[in-house]
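Here's the structure we're looking at; comments come further down.
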Amino acid sequence: MKLLLLPGDGIGPEVLAEVRRVIDGLNAHHGLGLNVENGDIGGASLDRHGTPLAPHVLEMAKASDAVLMGAVGGPKWQGVSYELRPEQGLLNLRKGLGLYANLRPALCFPALADASTLKREVIDGLDILFVRELIGGVYFGEPRGIETLPDGTKRGFNTQSYTTPEIERVARMAFDLARQREGRVCSVEKANVMESGLLWRETVTALHARDYGDVALSHMYADNCAMQLVRDPRQFDVILTDNLFGDILSDAAAMLTGSLGMLPSAALGEPGMPGLYEPIHGSAPDIAGKGIANPCAAILSLAMALRYQLGRPDLADLTEKAVSDVLDAGYRTGDLLGGEDTRLVGTEGMGRAITERLSA
Ligand code: IPM
Ligand code: MG
């Protein structure tokens with residue numbers, strides 16, 4: 001099995017170094033036999049190859065069983081044109097691999113219930129799975145651009161668009177995953193103001209009636225969903241939504257779990273395609289290079305790869321348990337607030353503690 005590591009920018013390289021440590025532990029003590037390669041993406045790639053995703057790196061990704069990315073972006077590349085932005089490297093990789101479904105579990109570890117800005121009784125036991133459409137919608141819609149109008153002012157525009165097949169394939173993924181959970185899907189859009197949202201609702205409803213009668217389906221407007229996520233997040237099982245709403249709502253949900261530094265994700269496409277696994281926290285330029293970033297989201301992303309793609313769900317369980325145990329033992333990176341009897345550690349300290357648990 002071959003895993004491509006793309007450290008990228010900001011805290012990406014630091015957290016992926018800890019993923020590497022965990023892989024070494026799993027290879028040495030649990031017969032994982034995973035071969036690791038490294039590649040460039042984002043600003044790091046722009047600096048080295050003049051593009052945020054070089055063609056040879058996309059080829060390396062296609063030839064791997066799975067890809068694990070750190071993060072992309074940072075103030076250094078803020079002025080760069082859109083086609084060359086670090087973020088474009090990630091978007092091109094998602095598109096190039098056809099990764100249409102982004103799974104983002106928002107799970108509250110018991111030890112972290114007090115690290116959330118919400119009250120423990122609201123989030124204790126939280127377990128939501130976001131299924132976000134990843135290669136359509138306003139992120140990719142054409143036409144897009146900034147044009148100058150006759151009066152000299154400008155107009156910036158993007159296109160939100162979804163086709164029936166684009167909606168159906170990601171909805172199928174959500175329904176299938178719901179069957180392995182509590183069997184409830186909440187589909188989120190703005191059908192009250194957007195045609196693409198109306199088509200989304202109609203398509204999901206028809207697919208449900210046709211093939212998924214055993215799953216409970218509800219619909220919600222995205223603004224209401226944002227409110228419900230902070231009011232009573234445990235009402236949700238699977239949330240199915242589009243690219244932009246999924247980006248926003250999953251960040252909000254991440255904070256419910258205690259820290260953005262805890263949430264992994266998996267981007268999946270057609271069977272046989274490598275998936276892209278990444279922490280959802282981004283490059284965090286303010287703390288990059290300080291050795292204080294939380295590596296848990298990246299390590300949990302590895303666990304998702306082990307489960308969904310590398311054929312080792314047993315080691316996925318083991319890795320998740322190691323993270324949970326280390327948190328129970330009081331280890332905390334700086335992003336995880338409070339709690340009694342806790343021990344503040346850096347990126348490496350957290351990675352070592354998790355690896356030690358795994359190797360024991
Ligand atoms: C995410 C990120 C990306 C997105 C950026 C870095 C392009 O925010 O994965 O949530 O908007 O999809
Ligand atoms: Mg985001």
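Just follow the structure's listing: the first ligand is 1, and inside any ligand the first atom is 1. Computed over heavy atoms, backbone and side chain alike; hydrogens, waters and symmetry mates excluded.
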On a heavy-atom basis, the closest approach of Pro274 and Ser64 is CB-O, 3.4 Å
Please identify which atoms of ligand 1 are closer than 4.0 Å to at least one heavy atom of Arg132.
1 (C), 4 (C), 9 (O), 10 (O), 11 (O), 12 (O)
Going by distance alone, is a donor N or O of one side chain under 3.5 Å from an acceptor N or O of the other, for Arg104 and Asn102?
yes
Report the protein N/O/S neighbours of the Mg ion (ligand 2) that fall below 2.8 Å; do not count waters.
Asp247 OD1
Note: Gly137 and Glu133 closest approach over all heavy atoms is N-OE1, 4.3 Å
Who are the ring-ring contact (aromatic ring centres under 6.0 Å, His included) partners of Tyr212, not counting sequence neighbours?
Phe175
Starting from atom 6 (C) of ligand 1, locate the nearest protein heavy atom and write down its residue, its atom name and how far away it is, to 0.1 Å.
Glu87 CG, 3.8 Å
Numbering the atoms of ligand 1 from 1, which are under 4.0 Å from a heavy atom of Arg104?
1 (C), 9 (O), 10 (O)
Any nitrogen or oxygen of Asp247 lying under 3.5 Å from a nitrogen or oxygen in ligand 1? Just yes or no.
yes
Donor-acceptor pair between His219 and Thr205 side chains, under 3.5 angstrom
yes
Testing the 3.5 Å rule here: is there a donor-acceptor pair between the side chains of Asp232 and Gln228?
no
Ligand 1 atoms nearer than 4.0 angstrom to some heavy atom of Arg94 are 1 (C), 4 (C), 9 (O), 12 (O)
Heavy-atom closest contact (Leu46 atom, Trp77 atom, distance):
CD2-CD1, 3.7 Å
Do Glu168 and Arg210 sit within salt-bridge range, that is, some charged N less than 4.0 Å from a carboxylate O?
yes
Less than 4.0 Å is my threshold; does some heavy atom of Arg85 fall inside it relative to ligand 1?
no
Mind checking whether Asp251 has an N or O less than 3.5 Å away from an N or O of ligand 1?
no
Would you call Asp211-Arg172 a salt bridge at under 4.0 Å N-O?
yes
Nearest-contact summary for atom 11 (O) of ligand 1 - protein heavy atom, Å
Tyr139 OH, 2.5 Å
